[in-house]
Structure formats: C-alpha cells, structure tokens
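Okay, structure first, notes after.
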There are 2 protein chains.
Amino acid sequence: MATKLPSTSRSLPIALVRAREGVMSPIREMLSETSITEQQWRVLRVLTECGPLDSKTLADRASLLFPSLTRIVTTLNKGGLVTQTRDAADRRKQIVAITEVGKKIIDDHSEEAARIVVGFKSRLGPENYETLLDLLAMLDPANSDGDT
Amino acid sequence: MATKLPSTSRSLPIALVRAREGVMSPIREMLSETSITEQQWRVLRVLTECGPLDSKTLADRASLLFPSLTRIVTTLNKGGLVTQTRDAADRRKQIVAITEVGKKIIDDHSEEAARIVVGFKSRLGPENYETLLDLLAMLDPANSDGDT
DNA sequence: ATGGTTTCCTTAACTTATTAATCATTGCGA
DNA sequence: TCGCAATGATTAATAAGTTAAGGAAACCAT
C-alpha cells in the first residue's frame, strides 16, 4: 500500500480548493444579482485598479490564462463593459479598457464585496488574515521564483 | 469611484487562485505521465484512504460537485479504475470502490506526490505549512459552520 | 527585402465547474 | 393501492481551465 501521502483532510491542494470554495461562495452569491461571472468580476476589478491594459498584463494580473481571457473579454465587450482597441504602434497588441457601464457594476457592488472581505478578516482575525495572504503568496510561483 | 476593495495583489480570492496554481502545477506535471486528471487523482486518493464510499460522501470528501463526480466516476469506471455498484437496499444509492488497477496508479505515484508535498513544506517551513493548513481550514464552510 | 524566428492573440478540443432541470427510486399518507 | 413529496443520481446548458495548434504582425540576420 505504502501511502506516504497526507490524509486528504490535511492535503494542501484539497485545502486550497475548499478554502477557495468557502471564500467564493458569498462572492458568487453577490454576483448572482448581476449578469457577470466571477472571472469577469476579476477582469473588471483589475481594469478599475490599473486602468487600460494590454491583454498580457491583464491576464497576468487577473490570474487568467490567455485563452480564457480571450473569451471573457469578448463576452464583456459584447455586453459593453469593456472596449478593445488595437495598439497603433504594434498592431499585434490589444488594449482593454473598462467602460462607464462596467465601472458602474464594480461601484455598485464594491461596498458589499468589501463587507464580505471584512467578514473573513474578522473570522480569521486581522493578523491571521495577513499571515494567510503572506503564506499564499509564497506558493505563487510568480513571487518565489523570479526574485531571489 | 469609491473602491473600498483591497488591491488585487492582496485579494484573498486571487491569492487562493494563484496559490492553487502554484501547488497544482508540479502535481499536474506528475500526472501528465499518467492518463488521469487532477480531479480523478483526488477521487482515487479519497477512495484509497476511506475505502468504498457512496457518491454523496465521495463528492464531499473530494470537494467535487455531484455533476462533476458523475462524469469523473463514469470515466474512471470505463478505464477500469473504479467500480460502481448499486446499493441493494436502496437502488438509488451507488457505491464507488477503487480497483487494483486504480490502486496501482496511486501507489506508483505516491512517492513522487509525497516528494512534492515535502518540497512545499520546506519552502514554507514546517510550522508555516501547518499554520497555512489551519488557516485554510477556517475558510472551509464545512469546518466553521457545522460545529460551533 | 526576404526568409526565419519571435511575439501576441485566437481557435480548437477536451475536461471541469456551476446551476438548473430531469429521471428513477423510495417513503408516506389518503 | 394510488398519488405525491423527498431523495439520489444524471443530464443539460453555459462558462471556464488546460494544452496544443494556428494566424498575423513585428523583428532580425543575412
């Protein structure tokens, strides 16, 4: 048999899946009032925070793979929540920007989203919350590989 | 504008997504040598650990939704990695069990999987690793809602 | 400038996630 | 026993994840 593996209840991948489910559940509930999905919300969030971005940066910041981003941005564009413009200097590149309609969706729900975040913070305790974010960052290859 | 939301770089959902990606990447690489997927691996892991289970319990332990489990178990069954038997007493219920072929896949890779786990443990430090699992458990609704 | 390479993006194909609807079996009350 | 609600499982529909392949624009060395 030789199962040197940890019990599934102490398995890091499974713990991450369950934690994500726990965190996303209320957020999904909030988004169910809107017409946008969790990933669309992430894209709009990043665009609100960073302003217009090229697709590569946008995919990176929103933690989405390129093919997913293509579909999501296309959908958002059809709904009038973002605009897609080709870079004049390099016509391979594409600049995605949020529209007023898109901004309104973020604004209309930012308070409730913030409340949800506060809820988790108080559940864990503020310092535990920060610790968790730090530990999670250590698992992100982008944070621990690139810079020594 | 009124964005009371945390910067996406300190956003819990995004941090969870990125951490999961970082953790799953080497595991996926390991599984690419086999014919099974990440979720199929989870199902086989749970069955190895708990023995034959009814679908409901299995879905819960593997953190999979029922419709996903239906497909995954069907696929695994076709491949001869698990068996599906209907409960004699209640023919609505279904019992899923791992086969010898399925067990062999787990056994053949349990050492490498354990090595991957050790790698993360040493990256975080053992006590940080345990702290992380504890904090993640606090986000799991199954752990904090049911029992006060 | 031309062929080859790289970069950016999109498609394609397959699997999974999520929600809702549907089917089958069971249990229960009139 | 006949309907009818409840339960377990599946199917359906749409969105997203993942890997690989394809297409267009830019770059680069000859």
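The chains referred to below are lettered A, B, ... by the order of the sequence lines, with proteins before strands, and numbering in each begins at 1. Bear in mind that the values here come from a model prediction, so they are computed numbers and not experimental data.
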Out of [options], which has the shortest distance to the side chain of [X]?
X: B:T37; options: D:dA16, C:dT16, C:dA20; answer: C:dT16
X: A:S68; options: D:dA9, D:dT18, D:dA12; answer: D:dT18
X: B:Q94; options: C:dA17, D:dA15, D:dA9; answer: D:dA9
X: B:R92; options: C:dT7, C:dT26, C:dT11; answer: C:dT26
X: A:D90; options: D:dA6, D:dA16, D:dA26; answer: D:dA26
X: B:R71; options: D:dT18, C:dT15, C:dT18; answer: C:dT18

Are any of [X]'s side-chain N or O atoms less than 4.0 Å away from OP1 or OP2 of [N]?
X: A:K56; N: C:dC8; answer: yes
X: B:R86; N: C:dT25; answer: no
X: A:S55; N: C:dC9; answer: yes
X: B:Q39; N: D:dG17; answer: no
X: A:T70; N: C:dC9; answer: no
X: B:R20; N: D:dG17; answer: no

Separation of A:D107 CG from A:L44 CG (nearest 0.5 Å):
11.0 Å
Classify the nucleic acid contact of [X] as base, sugar-phosphate or nothing, counting any heavy atom under 4.0 Å across all strands shown.
X: B:A59; answer: nothing
X: B:E38; answer: nothing
X: A:L69; answer: nothing

Is the number of heavy atoms from other residues, nucleotides or ligands within 6.0 Å of CZ (B:R20) greater than 12?
yes
Is atom CD of A:E29 surrounded by more than 12 heavy atoms (other residues, nucleotides or ligands) closer than 6.0 Å?
no
Expressed in angstrom and rounded to an integer, what is the separation of [X] atom [atom1] from [N] atom [atom2]?
X: A:L81; N: D:dA15; atom1: CG; atom2: P; result: 14 Å
X: A:M24; N: D:dG17; atom1: CE; atom2: C1'; result: 15 Å
X: A:R28; N: C:dA20; atom1: CZ; atom2: P; result: 12 Å
X: B:L53; N: D:dG8; atom1: CG; atom2: P; result: 15 Å
X: A:L64; N: D:dA16; atom1: CG; atom2: C1'; result: 9 Å
X: B:L31; N: D:dT19; atom1: CG; atom2: C1'; result: 15 Å
X: B:F66; N: D:dG8; atom1: CZ; atom2: P; result: 8 Å
X: A:K93; N: C:dC9; atom1: NZ; atom2: P; result: 8 Å

Taking the nucleotide of DNA chain D with the closest heavy atom to each, which residue, B:D54 or A:L65, is nearer the 5' end?
B:D54
Exactly one of B:K93, B:R92, B:Q94 should register a side-chain hydrogen bond (donor to acceptor under 3.5 Å, both in side chains) with B:D90. Which one does?
B:R92
Expected output: side-chain B:R91 to main-chain B:R86 donor-acceptor under 3.5 Å
no
Confirm from the modelled atom types if B:R91 and C:dT25 form a donor-acceptor pair under 3.5 Å, side chain to base only.
no
Heavy-atom side-chain proximity of A:T34 to A:W41 below 4.5 angstrom
no
